[in-house]
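Beneath this line is the structure, given in structure tokens, with notes to follow.
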Amino acid sequence: MQLSEAPATGPLDDLIALLRGKRLVALTGAGCSTESGIPDYRGPETRRRARNPIQGREFCRSAEIRQRYWARAVLGWERFSRAEPNAAHRALARLEQGGLLHGLITQNVDGLHHAAGSRRVIELHGRLSEVACLECGATEARAALQERLLAQNPGWLRLAADIAPDGDADLPAEHVAGFHAPPCLRCDGPLKPRVVFFGENVPRPIVDEAFALVDAAEALLVVGTSLAVFSGYRFVLRAAQRGIPIAMVNLGPARGEELGALKVEARAGDVLPRLAEALTGAPRPEAWLSRAGT
């Protein structure tokens, strides 16, 4: 079932009918944040240029890989940190405020759900806004580290680079060799973002909390994720095993469509505001502003 950028009435009505009156839980992925200017790993655009993310084990054992990561992350952070919630984030917050959405599980590390006003958010992969020392565990705000990174690498922001997922950026290898990454302020150990890298496991207490949220749901709304990574897909499997209806809003294929899910192929920012308006009975803020100006 498909929608264009301006969703057709039929599929949207099906989505509304499936979710109306149910205790909802949402599972979101990178496609929820692309309209805020943050690219994803497997969306229609990023699939056109293959890019292998840094593996957690490699980051921890290799100073060279850490140097490469931080050299690129300095550039990516400048744009990543300025991203603001989009219509999809705000619609999910509105569903929660209306008492319909009882929790949100996100694979994203950008903090935009919190910024939009969502309160019960389980961040499976952590958040990029903080870093931790691999040796002593001391933490530091990512914004403060950015100041230190720039102080030790003057003029770095003048380098041209394309932003990549998770606050990273693409940067030619020849630029990386001269980059200096500041160590931990407490023990001079290496620093790592407080996020779950590829190849690492989500902490068990977080997984259990997310499973409990799904178990208490009457419908699971999956937004902006291909579910290619098991980290998120396991919650769709859990919902299917328990007979909980599944609705998906995503551009491109999504793992688990065969589990009886209602699939709406469209941008989250086009669909979710209309869904929130229909389920809460409250007009979208943008719609209210449009009427107020007439």
Side-chain angles (χ1 to χ4, degrees), residues 1-36 40 42-45 85-108 112-113 116-118 214 217-227 232-233 235-236 239-240 243-294:
M1 165 176 321
Q2 294 186 343
L3 289 176
S4 63
E5 281 198 10
T9 302
L12 181 59
D13 282 347
D14 290 341
L15 182 66
I16 293 167
L18 177 67
L19 301 182
R20 189 185 297 280
K22 292 184 174 66
R23 179 187 177 95
L24 306 180
V25 167
L27 170 65
T28 69
C32 194
S33 293
T34 53
E35 294 169 59
S36 293
D40 59 9
R42 298 177 181 83
E45 294 301 319
N86 61 50
H89 297 111
R90 293 192 294 270
L92 289 167
R94 197 153 65 251
L95 285 169
E96 183 184 21
Q97 291 158 8
L100 305 175
L101 185 69
H102 291 257
L104 190 154
I105 305 162
T106 186
Q107 301 169 90
N108 299 338
L112 292 179
H113 287 300
S118 291
V214 172
E218 294 174 339
L220 178 65
L221 174 61
V222 182
V223 179
T225 174
S226 66
L227 296 169
Y233 179 57
F235 302 111
V236 173
I244 297 169
I246 302 165
M248 296 181 174
V249 178
N250 189 56
L251 277 176
R255 192 176 177 190
E257 292 180 44
E258 72 282 359
L259 298 175
L262 184 155
K263 169 77 182 303
V264 175
E265 182 148 344
R267 296 192 312 173
D270 290 330
V271 175
L272 296 191
R274 293 173 171 84
L275 176 67
E277 182 175 9
L279 295 184
T280 65
R284 289 168 283 145
E286 54 268 36
W288 182 88
L289 289 172
S290 175
R291 286 197 290 270
T294 58

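The side-chain heavy atoms of His89 and Ser118, taken from C-beta on, include no pair separated by under 4.5 Å. Between Val264 and Leu262 there is a side-chain heavy-atom pair separated by less than 4.5 Å. In this structure the side chain of Leu251 never reaches within 4.5 angstrom of the side chain of Thr34, judged on heavy atoms. When side chains are defined from C-beta on, Leu275 does not count as touching Val249, because their heavy atoms never get closer than 4.5 Å.
Taken from CG in Leu101 to CZ in Arg23, the straight-line distance is 10.0 Å, to the nearest 0.5 Å. Atom CG of Leu27 sits about 8.5 Å away from atom CE of Met248, to the nearest 0.5 Å. Taking CZ of Phe235 as the start and CG of Leu227 as the end, the distance is 11.0 Å to the nearest 0.5 Å. In this structure, CG on Asn86 lies 9.0 Å from CZ on Arg267, to the nearest 0.5 angstrom. Here CD of Glu277 is found 13.0 Å from CG of Leu272. Values are rounded to the nearest 0.5 Å. We find the OG1-CD distance between Thr225 and Gln107 to be 4.0 Å, quoted to the nearest 0.5 Å.
Contact detail for Pro273 and Ala268: the closest heavy-atom pair is CD-O, 3.8 Å. When all heavy atoms of Ala247 and Leu19 are compared, the pair lying nearest together is CB-CD2, 4.2 Å. Between Ala278 and Ile16, the closest heavy-atom pair is CB-CD1, 3.4 Å. Minimum heavy-atom separation, Ala116 to Ala93: O-CB, 3.5 Å. Taking both residues in full, the closest heavy atoms of Ala276 and Ala91 are given as CB-O, 3.9 Å, listed atom of the first, atom of the second, then distance. When all heavy atoms of Pro245 and Leu18 are compared, the pair lying nearest together is CB-CD1, 3.8 Å.
Between the Arg90 side chain and the Pro85 main chain, a donor and an acceptor come within less than 3.5 Å of each other. The backbone N or O of Ala30 lies less than 3.5 Å from no partner atom in the side chain of Ser33, so there is not a single donor-acceptor pair. In this structure a side-chain-to-backbone donor-acceptor pair under 3.5 Å is present from Asn108 to Gly29. A donor-acceptor pair under 3.5 Å links the side-chain atoms of Glu265 to the main chain of Gly252, judged by distance alone.
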side-chain contact (heavy atoms from CB on, under 4.5 Å) evaluation trace for Val236 with Leu220
CA-CA 8 Å; Val236 173; Leu220 178 65; 4.2 Å; yes

Arg274 and Leu15: CA distance, side-chain angles, deciding distance, side-chain contact (heavy atoms from CB on, under 4.5 Å) verdict:
CA-CA 10 Å; Arg274 293 173 171 84; Leu15 182 66; over 6 Å; no

Please determine whether side-chain contact (heavy atoms from CB on, under 4.5 Å) holds for the pair Val222 and Ile246, giving the CA-CA distance in whole Å, both sets of side-chain angles, and the decisive distance to 0.1 Å.
CA-CA 7 Å; Val222 182; Ile246 302 165; 4.2 Å; yes

side-chain contact (heavy atoms from CB on, under 4.5 Å) between Leu92 and Leu221, intermediate numbers included:
CA-CA 10 Å; Leu92 289 167; Leu221 174 61; 4.3 Å; yes

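Qualifying side chain to side chain donor-acceptor pair (under 3.5 Å) partners for Thr28, counting only residues two or more places apart in sequence or in other chains: Thr106, His113. The salt bridge (Lys or Arg N to Asp or Glu O under 4.0 Å) test applied to Glu35 returns no partner, not counting sequence neighbours.
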